4 protein chains.
Amino acid sequence: MIIIDYKDRRPIYEQVVERFQELILKGVLEPDSQLPSVRNLAMDLSINPNTIQRAYAELERQGYIYSVKGKGSFISDNNHLVQCKKDEILLEVLQLVKEAKEIGITKEIFLSKVNEGFEEEGKDD
Amino acid sequence: MIIIDYKDRRPIYEQVVERFQELILKGVLEPDSQLPSVRNLAMDLSINPNTIQRAYAELERQGYIYSVKGKGSFISDNNHLVQCKKDEILLEVLQLVKEAKEIGITKEIFLSKVNEGFEEEGKDD
Amino acid sequence: MIIIDYKDRRPIYEQVVERFQELILKGVLEPDSQLPSVRNLAMDLSINPNTIQRAYAELERQGYIYSVKGKGSFISDNNHLVQCKKDEILLEVLQLVKEAKEIGITKEIFLSKVNEGFEEEGKDD
Amino acid sequence: MIIIDYKDRRPIYEQVVERFQELILKGVLEPDSQLPSVRNLAMDLSINPNTIQRAYAELERQGYIYSVKGKGSFISDNNHLVQCKKDEILLEVLQLVKEAKEIGITKEIFLSKVNEGFEEEGKDD
DNA sequence: GTGGTCTAGACCACT
DNA sequence: GTGGTCTAGACCACA
């Protein structure tokens, strides 16, 4: 479920965080379900427990999960987070359009690429 | 022309590289014109010459500039670069559409944001 | 009567302690009345009896309850406790004023906030 | 300038964070001035550099400082932070008033304590 | 068993 | 020199 790419320049804990964000936002991990324990996941991925701990701490800070000492870590309710993520993506759209305009990409070319993206309906990995 | 933001978390050399890329791609810096010398630019920006050296090396590696021993560094022809950048942006469009679809943003909402971006015609900083 | 918030970062036993303190200080639980048994309360809240045990021990240590071997735990007389709590709150007032002064909150602003708080007469949850 | 209290139940990194917040909010540490390096401060306090690193990371996350790789950590502009802190304190005032009312502290007693706090004019440690 | 903190020591990227 | 990441291993609080 979680894959570490050692060639990736980003730190491991960040990759773990991002992967969980994806799984949570897509609803693969349901609210209040339990995450693997810090130690278990660390063993599975053959990385240090502290690294997982850091990833979980970051996810908790961002509101994706909540942790209870002695019990474990659990998925938060994701309604609010999904809305935030949507807003974030739409903001990126604006920035990308701006960049595109500056370098001379026409609205037609841009839109055709957007359509191309939306066409691939089944491929929702 | 170049502004360093020390509060930006990215390394300084990367900020310098990005700024030059922008200026070159937009055609502000014309092909074959000379860049400021490493030492001068370092003094102007009050940063370490090594940092500028590294930025120039990176720009050369990416084909944005070329250096002539004993003469200095010069802007490369940007036709090819502009095309690369366009392709890069269109690829980003596809990726963004993919992300948007996965989180449940409809094509309508996405397109309306794209239009909003293209509407702001005057604001081409 | 007791609600556990698992998303609360504080340990469960602490939440139980605090809730009982509230109920005792407000007089909802009358002096010498009996508390639910450790086992029963643990079952009701679906938590570990050890956790309740710890909460009761803490409440006894602080003088909120007393336990009789073989009979159970009982609410202490709350007169003295109420006075302690009042002193405690007034001490917090002093500390808060100190903090406020240091950061530049004027007496006027502070007092208006205090009045605002005392105005809301009905909302005594 | 920074004192660690080992009897304090809170983690060391949190004590460091809080102390710096105080110094920054009070304006003792001026914007853009440099903090001691992670290693130096760790040596001075005889604690592990990682602990200081964590404190600095937390301060950066909260916007109190900004760090530049290879250069050091610096104080952020604190105007915004002061306002946030003021709002936070005024909210605490409301909560304290609520608690006070519930336990039977009269407005008169509360206000006299507030006045007592504001009277001690010189003692601004 | 769980999460959370801390230490000691290493390595990397950046200036 | 600086900050940032990671590992290995320890200890604590909590359930």
Side-chain angles (χ1 to χ4, degrees), chain A residues 4 6 8-16 34-42 45-60 65-74, chain B residues 4 6 8-16 42 45-55 58, chain C residues 4 6 8-16 42 45-55 58, chain D residues 4 6 8-16 34-42 45-60 65-74:
Chain A
I4 303 298
Y6 287 100
D8 194 326
R9 285 193 53 195
R10 291 172 315 162
I12 295 175
Y13 83 92
E14 217 172 292
Q15 294 183 43
V16 175
Q34 189 165 0
L35 281 78
S37 81
V38 170
R39 290 164 175 81
N40 277 351
L41 186 54
L45 302 179
S46 313
I47 58 182
N48 191 290
N50 280 331
T51 305
I52 300 296
Q53 167 71 9
R54 180 164 185 183
Y56 279 19
E58 184 65 14
L59 285 165
E60 182 167 12
I65 68 174
Y66 60 92
S67 300
V68 184
K69 254 190 204 168
K71 289 201 69 180
S73 300
F74 305 85
Chain B
I4 303 299
Y6 286 105
D8 192 325
R9 297 201 55 211
R10 291 171 315 164
I12 293 175
Y13 85 93
E14 215 172 296
Q15 293 185 42
V16 174
L45 302 178
S46 320
I47 59 182
N48 195 309
N50 288 333
T51 306
I52 300 296
Q53 188 67 270
R54 178 158 186 186
E58 184 65 15
Chain C
I4 303 298
Y6 287 105
D8 192 325
R9 298 203 54 211
R10 289 173 314 165
I12 293 174
Y13 86 93
E14 215 171 296
Q15 294 184 42
V16 174
L45 303 179
S46 319
I47 58 182
N48 196 307
N50 287 333
T51 306
I52 301 295
Q53 188 66 270
R54 179 160 184 184
E58 184 65 16
Chain D
I4 303 299
Y6 287 100
D8 195 326
R9 285 193 53 193
R10 291 173 315 162
I12 296 175
Y13 82 91
E14 217 172 294
Q15 294 183 42
V16 174
Q34 189 165 359
L35 280 78
S37 82
V38 170
R39 290 164 176 79
N40 277 350
L41 185 54
L45 303 179
S46 313
I47 58 182
N48 192 291
N50 280 332
T51 305
I52 300 295
Q53 167 72 8
R54 180 163 185 184
Y56 279 19
E58 184 65 14
L59 285 165
E60 181 166 13
I65 68 174
Y66 60 92
S67 300
V68 185
K69 255 190 202 167
K71 288 202 66 180
S73 301
F74 305 85

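The sequence lines fix the lettering, A, B, ..., with proteins before strands; numbering per chain opens at 1. Note that the structure is a prediction, hence the values are computed from the model and not measured.
Here the P atom of nucleotide F:dA15 and the CD1 atom of C:I4 are 9 Å apart, to the nearest Å. In this entry the distance linking OH of D:Y66 with C1' of F:dG4 reads 18 Å, nearest Å. As a whole-Å value, the separation of D:R9 CZ from F:dA13 C1' is 8 Å. Counting to the nearest Å, the C1' atom of F:dG1 and the CG atom of D:L41 are 17 Å from each other. In this structure, the CG atom of A:N48 is 15 Å from the P atom of F:dT5, given to the nearest Å. One interatomic measurement links the two molecules: CD of D:E60 to P of F:dT2, which rounds to 17 Å at whole-angstrom precision. For the pair D:E58 CD and E:dG4 P, the computed distance is 13 Å after rounding to whole Å. Atom CZ in D:R54 sits roughly 18 Å away from atom P in F:dG3 (whole-Å rounding).
For the pair C:Y13 and A:N50, nearest-nucleotide mapping onto DNA chain F gives the more 5' position to A:N50. Annotation: of the two residues near DNA chain F, A:G70 and D:P36, the 5′-most nearest-nucleotide partner is D:P36.
For D:S37 and F:dT2, the shortest distance from a side-chain N or O to OP1 or OP2 is below 4.0 Å. In this model, the phosphate group of F:dG3 is not approached by any side-chain N or O of D:S67 to a distance below 4.0 Å at OP1 or OP2. Dashed line: the shortest gap from a side-chain N or O of B:T51 to OP1 or OP2 of E:dC14 is not under 4.0 Å. A sub-4.0 Å separation between OP1 or OP2 of E:dG3 and a side-chain N or O of A:Q53 is absent.
Here B:R10 lies out of heavy-atom contact (under 4.0 Å) with every strand. Contacts of C:I12 with the nucleic acid, taken as non-hydrogen atoms under 4.0 Å apart, involve only primed sugar atoms and P, OP1 or OP2.
Figure legend. E:dT2 is base-paired to F:dA13; pairs are counted as Watson-Crick or G-U wobble with both atom distances under 3.5 Å.
A side-chain donor-acceptor contact under 3.5 Å links D:Q15 to the backbone of D:R10. Not one N or O on the side chain of A:Q34 forms a donor-acceptor pair closer than 3.5 Å with the backbone of A:S73.
Closest to the side chain of A:K69, out of F:dG4, F:dT2, F:dA13, is F:dA13. In this structure, the nucleotide among E:dT7, F:dG3, F:dT7 sitting nearest to the side chain of D:Y56 is F:dG3.
Judged by distance alone with a 3.5 Å cut-off, no donor-acceptor contact links the side chain of D:R39 to the base of F:dG1.
In this structure, the separation between CD1 on A:I12 and CD1 on A:I4 is 6.0 Å, given to the nearest 0.5 Å.
Contact check for D:L59 versus D:V16: no side-chain heavy atoms found under the 4.5 Å cut-off. For the pair A:K71 and C:Y6, the minimum side-chain heavy-atom distance is below 4.5 Å.
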